[in-house]
Structures are given as C-alpha cells and as structure tokens.
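Residue numbering restarts at 1 for every chain, and letters A, B, ... go by the order of the sequence lines.
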Amino acid sequence: MAARDVVMGSSVVGDRAGASNRILSRPMSEVRTRFAPSPTGALHIGGARTALFNWAYARGRGGRFVLRIEDTDRERSRREHEDAILEGFRWLGIDWDEGPDVGGPYGPYRQSERLERHHAIAQELLADGRAYRCFATPQELDDLRAAQEARKETPRYDGRYRDLPREESDRRAAAGEPFTVRFRVPEGETTIRDSIRGDVRFAHAELDDWIMVRTDGSPTYNFVCVCDDADMRITHVVRGEEHLVNTPKQVLLFAALGLAAPQYAHLPLILGTDGKKMSKRTGDTALVAYRDAGHPPEAVVNFLCLQGWSLDGEHEVFDLATLVREFDVEDVSKGGSIFDIDKLSWLSGEYLRSEPLDRTLDRSVPFLERAGLADGAAVERDREWWRLAIESIRERVRTYAEVPAKLEYLFAPDEEVPFDPAAEAGTRKHAGASTTLAELAQFVPTIPDAKWSREELPAVLKAWCAEGGRKVGAVFQPVRTALTGQAGGPELADVFVLLGRDRAVTRLRAAAGRLGS
RNA sequence: GGCCCCUUCGUCUAGUCAGGCCUAGGACACCAGGUUUUCAUCCUGGCGACAGGGGUUCAAAUCCCCUAGGGGUCACCA
C-alpha cells in the first residue's frame, strides 16, 4: 500500500506544471486530515478542539494528521504566532505527521511557500475560462455594494467582467491594468454531503464569482485552501461551522480542477456565555489563557472532547487514547455549545488530584515563582518538604494557579502571621484560647521525634486534649488560626510538620499573646 | 435583510438516523444531609429539560409540516 501511495503521490503532486490539473484519484486507503491555522494570533480554544477532532479521527483510523500554516495574509501573519500555535499542540499532547517544522511528502506546509503552485493553478483556470480577470476597482465594488444595500438587495458581485472578451482581457492585463482573478461559478446548485449535518443544498445563484487572486497577486483563502487540500491529499475536512457557507465554493473549485472533493464535516461552534461565537469579551478565547490559569492540559483536552461529543453519555473523564479509540466525526452533535468554565475547573481538579504528586509539584513551580514563594532550585533543594506541602493542599485546589495562595501562610513571619478576620473572630469566642495556645507551646517540644509526623501527630494532639480535659474543637480552631491565620485549610498535623517544631512554637506563643489581650 | 445551520435540565450531553426498553439517563453547577479537627475531598439525596403548534401512528423526544427563537455568513480576512 505504501508503494502505491508513493506512486500516486508523485503523479498527483509532483509535476503538475504541465497540462494536467485533471486528476487524479487519491489513495482512499489512507485517511488524511489537517488543521490549518492562520498565524495571526494565539491559538483559539475552538481551533484547538477542531484540531483535536481532526487528530483523533486520523489517529483512530491509522491515518495521518497534517498541520498547514495559512499565512497568506502577510500583513498579519507572524512567525512567533506559528511557534506559539505549535507549542500549544505540544502542550495538549497532539502530535502531527506532516507540518512546517517536520516537513513531509507534500510540503512545503506554509502557504506562503506554495505561491508558485497557486499561481500555476490560477493560470490554468484562467486559460481554460473557468476563471476570469476582473478589472473592477475596490472603489467601484464599494459603490456597487452601497447601491445594492440602498436598494435593500443582497450585496453581490454583478458579474460585470464575467463576459469580457478574452482578447480585451489579455490586452488590458498586458497594458498593466490591475485586476483580480475571479472564479466563474456555473449555474445550478451544489449539495454538500456533510458528515454531521447531512445534505446541505446551495443554489449557485447565491454564490458570487468570488476572488481567487487579489490585485497584488496574492491568492485568497478559498482558493489556496482547495489547492493545498488537493495537493496534500486531504481526504476529510473537519472544520468549524463558520466555514459551511464556503464549502460550495470550494467544492465547485475541486470540480473545476477535475478532482473529487474531500468528505466534509462542519463542527458546531463553541459559544461564549452570551450564546454567540466566543469572543474575547465573553471568555478567554486563547488556549494559552487556560495554561496560564493553571489548568492541567489533560483536563483541557478532556473538556474540549466534551464540547460537541460524548463518549457514552455516562463517562466524562477519559484520556486521549480513549478518544482515539471511540471518536467518530459522525457522532458529533449539531448544536453549538456554551463554554462552561465551571466544568473545566471541575475536570482540572479531577486530573490534578489523581496525577502523581511530583507532577503536581513540578507544574506548580512556575506559579510558585510568579508568586515569589520559591524558584525551581529552591524546590529542588527541599523537594521532600515541598512534596508534603503540595500533598497537604492538593484536595483544596483545582488548578496549579491556586497553589501559591494555599501555601502562602508558610512563608509569613512567625511572630505575626496575618489573621483572617473571620478566623480571629471565631477563635476569640473560645474563652481560654490564649491559655490553651500557651500550654500547647509548652507541650510541642516534648513530643518525641518518632511521633512528629503527619501520621502520628493527630493521635498525639488528641491525646493531649483528652488529658487536659480540653474539647478538641476548642483547641484545633485556635491552633489553626495561630499557625495559619486561616479558618480552614490543611490537616493541622501537616501544618505542624511543614512548619517544624520551632516555628510552630513561635507561632503558638505569638498568637497566645496577640489573642490574650 | 438574503442564504445556510441549529433547538433535550441553568450548562455540557445520552437517547433521534433503524418510533415502543424514556413516568427522558449521566455530568457540572446549585440546595440538603453524612464523614472530618476546619476547609476541601468523598458518600447519599434533592432541584431541574424533550421551544410551541399541527399532523402520521395502536404508540413520537424520536417521522412529516408550520411557527417561534438562537447562531453562522454575506470582504481584494481566514
């Protein structure tokens, strides 16, 4: 099979400089999907899901997943954005078989590097009349649009250069008059067979003779998209619903090139809380925002799976291997989904709690650094201490970003731990709190080393309460305030061990004094 | 406005293609209880939906029609 593919590959993609654009059956034995981001900004969360589904579909069928950079907009495209997008996929755990960085048999994978190919195809279409030159100026088109709108008509190109004689067209072009190249949309209608939506019909009368090549010679999206999908032998195009209306244009172009169009699937949109296409106003649209907010990538990817697809309606937490095994684009739902940050946070908590402790620690380091609590080297020096610190609060956070705030109390000055007002008020209700703290400060140094552990300490402390006839509740609350300044938080045994005897005693004494007045 | 798509709990969804197993299942969120030294985790329970109206059928969330609502798109952006 591989050998056959190679043969097909060379006949299709390699040398098309000559006469024939008429092609060319693609090797249907292999599923080839692609994600084609435009490097004009950060990777969109919806784009990430689109890529994920493309990836899963190909992976689940032994196919290939291709990354193509759509940088035909030279003004806005930036290499740093491309790098960031690739980095985003690596973070999510999505890999690609062909792409701008790894190359592949149908490269190059940046559209800006495929311009010769695009021009050759445009020339061919122009030569056989399937496309034509349009000499209308932007101003002219603006006026046309304005006039149509004034008459409450749908703005549309009126085909004014559609029937310009070939000789005149050639002459004006030769004379240097600027022109665009438009696709000649034939009469009739096109039915799109969409894997998710079924058959969708479009009357050609609704389609403009759209522009393939701009005045400056640069090709437009709908044009290059088809050229590259064809050359890269893409078999399944899975993309956002906003592209549905582009599809008949593209299908017609495939037909004009003598090619079978790929199988299409248009994914429902991911909506903001206002029910509209997600925008920066209604939520973080950039994937990196979720990384920066401390969500585990496994949670983000799992969450994305749940937007428009479900495993079985019962199991919500699953990994990429499961997705690959079970995913089918036909099972994707039709309706758009509103991004529910609460559910993402819940998933984040699930993953964070169940991963190896060391991973939680390592992933928390950037946030600890940002908060000024510790840097990587400091964590490495005291790794065991940090592991316990993380373990003590892991059930109390949902993201890595929440870690520093939970551990901040450990870095407060022992003589004056900041007291949360509610915690202090609650503590002052216990009449003998100050005395109790002072007594405990006396007791702590007498605890044997063997008992000074998170496992043994709870029993030791409770025994101490019992011996003195103290109520556990009346002791623990003041102690918690003394040691952490908070009303809630980790097991006190953990707090004691993390602080160590000396610091714990200092805090107990200080609090006894502060609460005694 | 034209064209196109969509419509099950507040949210994500199962069920719809092959009508009956659906007094519509799960999850998040919320509420209430339980466990616990607190908070959290965890456990139990509760609240809560087939957009509306016609048909077809013994039977409709599921099929057909209409209405309403929402969304997408109408660029020499992608």
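Here B:C3 is the nucleotide among B:C3, B:A27, B:A29 with the atom lying nearest to any side-chain atom of A:Phe202. In the set B:U13, B:G72, B:A27, B:A27 carries the atom at the smallest distance from any side-chain atom of A:Trp346. Side-chain atoms of A:Glu350 lie closest to B:C42 of the nucleotides B:C42, B:A78, B:U38. Distance from the side chain of A:Ser337 is smallest for B:U13 among the nucleotides B:U13, B:G71, B:U41. Looking at the side chain of A:Glu241, the nearest of the listed nucleotides B:U37, B:A78, B:C5 is B:C5. When distances are taken from the side chain of A:Ile338 to each of B:U37, B:C12, B:A14, the shortest belongs to B:C12. The side chain of A:Asp340 approaches B:U11 more closely than any other nucleotide in the set B:A75, B:C12, B:U11. Residue A:Arg398 has its side chain nearest to B:A29 when only B:A40, B:A78, B:A29 are considered.
Base pairing annotation: B:C21 forms no Watson-Crick or G-U wobble pair, as no partner gives both donor-acceptor distances under 3.5 Å. With a cut-off of 3.5 Å on both pairing distances, B:U56 has no Watson-Crick or G-U wobble partner at all. Pairing for B:A40 is absent, with no Watson-Crick or G-U wobble pair whose two atom distances lie under 3.5 Å. In a base pair of the Watson-Crick type (N1 to N3 plus N6-O4 or O6-N4) or a G-U wobble (N1-O2 and O6-N3), with each distance short of 3.5 Å, B:U73 is matched with B:G2. Pairing partner, B:C47: none, since no Watson-Crick or wobble contact has both distances short of 3.5 Å.
Here A:Gly198 lies out of heavy-atom contact (under 4.0 Å) with every strand. In this structure, A:Gln307 reaches the sugar-phosphate backbone alone: every heavy-atom distance under 4.0 Å involves primed, P, OP1 or OP2 atoms, never a base. Base engagement by A:Thr180 is indicated by at least one non-hydrogen atom pair under 4.0 Å involving a base atom. Across all strands shown, A:Gly489 has heavy atoms under 4.0 Å from base atoms, whether or not it also approaches the sugar-phosphate. Here A:Val200 lies in heavy-atom contact (under 4.0 Å) with sugar-phosphate atoms only. Among the atoms of the strands shown, base atoms are found under 4.0 Å from some heavy atom of A:Ala136. If you check every strand for non-hydrogen atoms under 4.0 Å, A:Glu206 touches sugar and phosphate atoms only. Residue-level contact check: A:Pro490 touches the bases, meaning some heavy atom is under 4.0 Å from a base atom. At the heavy-atom level, A:Thr247 lies nowhere under 4.0 Å from the strands shown. When heavy atoms are screened at a 4.0 angstrom cut-off, A:Phe303 is found touching no nucleic acid atom at all. Across all strands shown, A:Arg156 has no heavy atoms under 4.0 Å from either base or sugar-phosphate atoms. A:Ser218 comes within 4.0 angstrom of nothing in the nucleic acid, heavy atoms only. Among the atoms of the strands shown, none is found under 4.0 Å from any heavy atom of A:Arg394. Within the nucleic acid shown, A:Leu141 comes within 4.0 Å of at least one base atom, counting heavy atoms only.
Between B:U62 and B:C21, the two C1' atoms lie 14 Å apart (nearest whole Å). Nucleotides B:U16 and B:U8 are separated by 10 Å at their C1' atoms, to the nearest Å. Comparing B:U41 with B:U36, their C1' atoms are spaced 10 Å from each other, to the whole Å. When the C1' atom is compared between B:C28 and B:C47, the two are found 14 Å apart, to the nearest whole Å. Taking the P atom of each, B:C74 and B:U57 are spaced 45 Å apart, rounded to whole Å. Between B:C6 and B:A14, the two P atoms lie 15 Å apart (nearest whole Å). B:G20 and B:C12: their P atoms are spaced 25 Å apart (whole Å). Only the C1' atoms considered, B:G71 is 25 Å distant from B:C64, to the nearest whole Å.
The distance from atom CD of A:Gln477 to atom P of B:C39 is 10 Å, rounded to the nearest whole Å. Across the protein-nucleic acid pair, A:Asp331 atom CG and B:G15 atom P stand 8 Å apart, rounded to whole Å. For the pair A:Leu306 CG and B:A29 C1', the interatomic distance rounds to 15 Å; values are reported in whole Å.
Contact annotation: A:Thr154 does not reach the phosphate of B:C3 (side-chain N/O to OP1 or OP2, under 4.0 Å). Applying the 4.0 Å criterion to OP1 and OP2 of B:C28, one finds that A:Ser345 has every side-chain N and O outside that range. Phosphate proximity of B:U73 to A:Lys277: present, with a side-chain N or O under 4.0 Å from OP1 or OP2. One finds a side-chain N or O of A:Lys276 lying less than 4.0 angstrom from the OP1 or OP2 phosphate oxygen of B:G71.
For A:Arg480 against B:U38, a side-chain-to-base donor-acceptor contact under 3.5 Å is present. In the interface, the side chain of A:Arg396 is not paired with the base of B:U41 through any donor and acceptor atom under 3.5 Å apart. Remark: the A:Lys343 side chain and the B:C12 base include a donor-acceptor N/O pair separated by less than 3.5 Å. Judged by atom type and distance alone, A:Glu314 does not reach the base of B:G25 through any side-chain donor-acceptor pair under 3.5 Å. One can find a donor-acceptor pair under 3.5 Å joining the base of B:C76 and the side-chain atoms of A:Thr215. A donor N or O paired with an acceptor N or O is found under 3.5 Å between the base of B:A78 and the side-chain atoms of A:Asn246.
A:Asp494 contributes no side-chain N or O that, together with a main-chain N or O of A:Ser392, makes up a donor-acceptor pair within less than 3.5 Å. Formation of a donor-acceptor pair under 3.5 Å by the A:Tyr409 side chain with backbone atoms of A:Gly489 is not found in this model.
Here the side chains of A:Tyr400 and A:Pro296 are in contact, with some heavy-atom distance below 4.5 Å. At least one side-chain heavy atom of A:Arg454 sits under 4.5 Å from a side-chain heavy atom of A:Glu391.
Put simply, the residue from A:Phe183, A:Phe223, A:Tyr221 that forms a ring pair (Phe, Tyr, Trp, His ring centres under 6.0 Å) with A:Trp210 is A:Phe183. Considering A:Phe89, A:Phe53, A:Trp96, A:Tyr57 in turn, A:Phe89 is the only one that fulfils the ring pair (Phe, Tyr, Trp, His ring centres under 6.0 Å) rule with A:Phe35.
Across the interface with RNA chain B, nearest-nucleotide mapping of A:Gly488 and A:Phe339 shows A:Phe339 to be the residue nearer the 5′ end. Both A:Lys152 and A:Pro155 sit near RNA chain B, but only A:Lys152 has its closest nucleotide nearer the 5' end.
Ring stacking is absent between A:His243 and B:G72, as the pair misses the limits of under 5.5 Å between centres and under 30 degrees between planes.
The pair A:Glu140-A:Arg160 counts as a salt bridge, with a side-chain nitrogen and a carboxylate oxygen less than 4.0 angstrom apart. Electrostatic pairing of A:Glu316 and A:Lys343 counts as a salt bridge here, judged by a charged N lying under 4.0 Å from a carboxylate O.
Geometrically, A:Arg34 does not engage A:Phe65 in a cation-pi contact defined by less than 6.0 Å to the ring centre and at most 45° from the axis.
Atom-to-atom distance recorded for A:Arg114:CZ and A:Arg68:CZ is 7.5 Å, nearest 0.5 angstrom.
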